[in-house]
Amino acid sequence: MTTDPPLILDIDGTLTRPEGWGIDPRIFDPLHEWDAPVVVATGKAFPYPIALCHFLAIPELVVAENGGVVYTGDDVTFTADRAAAQNVMAEYRAAGYGPGWGADDTVNRWRETEIAVNLEMPLEPLEEIADDYGLEVIDTGYAYHLKDPTINKGQGVLAMAEAVGIDLEDAVAVGDSINDVSTFEVVGRSFAVANADDAATEAADEVLEDVHADGTLGVLERVRGRSRD
Ligand SMILES: O=C(O)COP(=O)(O)O
Ligand SMILES: [Mg+2]
């Protein structure tokens, strides 16, 4: 019988090292051993969370690109169309800018529904052009995401829960930024790590004392074996 609650986990800022870079290897064993669904809900492009699940050797339950891509292990659903983001980027390039990741751009290479822009690129012209096309720009602290404002992680988590049968009332979410607010709104228990931005801090049921994976590991210890079911 399952006793661990389902988990909905962000990657950057949440599974990363307290120093702020790279995945903290201490999360590998608890997530591999978790006896309930673990959904990775991220702003990163589709292959990154897939690879994370693959190397953790857990089922690939992935909400990627801030909800633009939902993968249940059986079916992939694209909930947004990248065309508007590409038009915005064409104008942003014409103005002398660009995504800012270099020629090969592995940040966007496999991205299907939105475009991520380096935080070093100017925000104001990006926001102005995005607005003309009905798109929004969100700042996760790791990238600007040029996206459809009607798409978010929370919707992707709802679709995932429906498809694979997760009781979200029982689910525990951990996150660090504005793109986790919609996740926090659809789960029973939500936690913001101590490094979280204002939006995530305000939306979470509880703000943790520890940063990054230190905070998340503390939550895993607390909720392990404590499913409400
Ligand atoms: O892609 C980002 O900017 C942040 O990714 P995250 O949602 O996993 O934190
Ligand atoms: Mg994050």
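For ligands, and for the atoms within them, numbers begin at 1 and follow the listed sequence. As the structure is a computational prediction, the values presented were derived from the model and not from experiment.
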Remaining members of the apolar cluster that contains Trp110, side-chain heavy atoms under 4.5 Å: Tyr48
Asp74 and Thr72: side chain donor to acceptor below 3.5 Å: no
Test: Asp214 and Arg26 ion pair at under 4.0 Å: yes
Atom name of the N, O or S atom in Asp12 that lies nearest to the Mg ion (ligand 2): O
Under 2.8 Å: N/O/S of Asp180 next to the Mg ion (ligand 2): no
Step-by-step side-chain hydrogen bond (donor to acceptor under 3.5 Å, both in side chains) determination, Tyr133 to Glu91: CA-CA 11 Å; Tyr133 286 84; Glu91 278 199 32; 2.7 Å; yes
The Mg ion (ligand 2) - name of the N/O/S atom of Asp10 that sits closest to it: OD2
Transitive ILVMFWY cluster of Trp21, excluding itself - 4.5 Å side-chain cut-off: none
Asp176, N/O/S atom nearest the Mg ion (ligand 2): OD1
Geometric class of the Tyr92/Tyr97 ring pair [parallel <30°, tilted 30-60°, perpendicular >60°]: tilted
Salt bridge Arg82-Glu112, side-chain N to carboxylate O under 4.0 Å: no
Between ligand 1 and the protein, which N/O pairs are shorter than 3.5 Å?
unit_1, atom_1, unit_2, atom_2, d
ligand 1, 1 (O), His145, NE2, 3.3
ligand 1, 3 (O), Thr140, OG1, 2.6
ligand 1, 3 (O), His145, NE2, 2.6
ligand 1, 5 (O), Asp12, OD2, 3.4
ligand 1, 7 (O), Asp10, OD1, 2.8
ligand 1, 7 (O), Gly43, N, 2.8
ligand 1, 7 (O), Lys153, NZ, 2.9
ligand 1, 7 (O), Asn179, ND2, 2.9
ligand 1, 8 (O), Asp10, OD1, 3.1
ligand 1, 8 (O), Ile11, N, 3.1
ligand 1, 8 (O), Asp12, N, 3.1
ligand 1, 8 (O), Thr42, OG1, 2.5
ligand 1, 9 (O), Asp10, OD1, 2.7
ligand 1, 9 (O), Asp10, OD2, 3.2
ligand 1, 9 (O), Asp12, N, 3.1
ligand 1, 9 (O), Asp12, O, 3.0

Ile178: hydrophobic cluster co-members (side-chain, 4.5 Å): Ile138
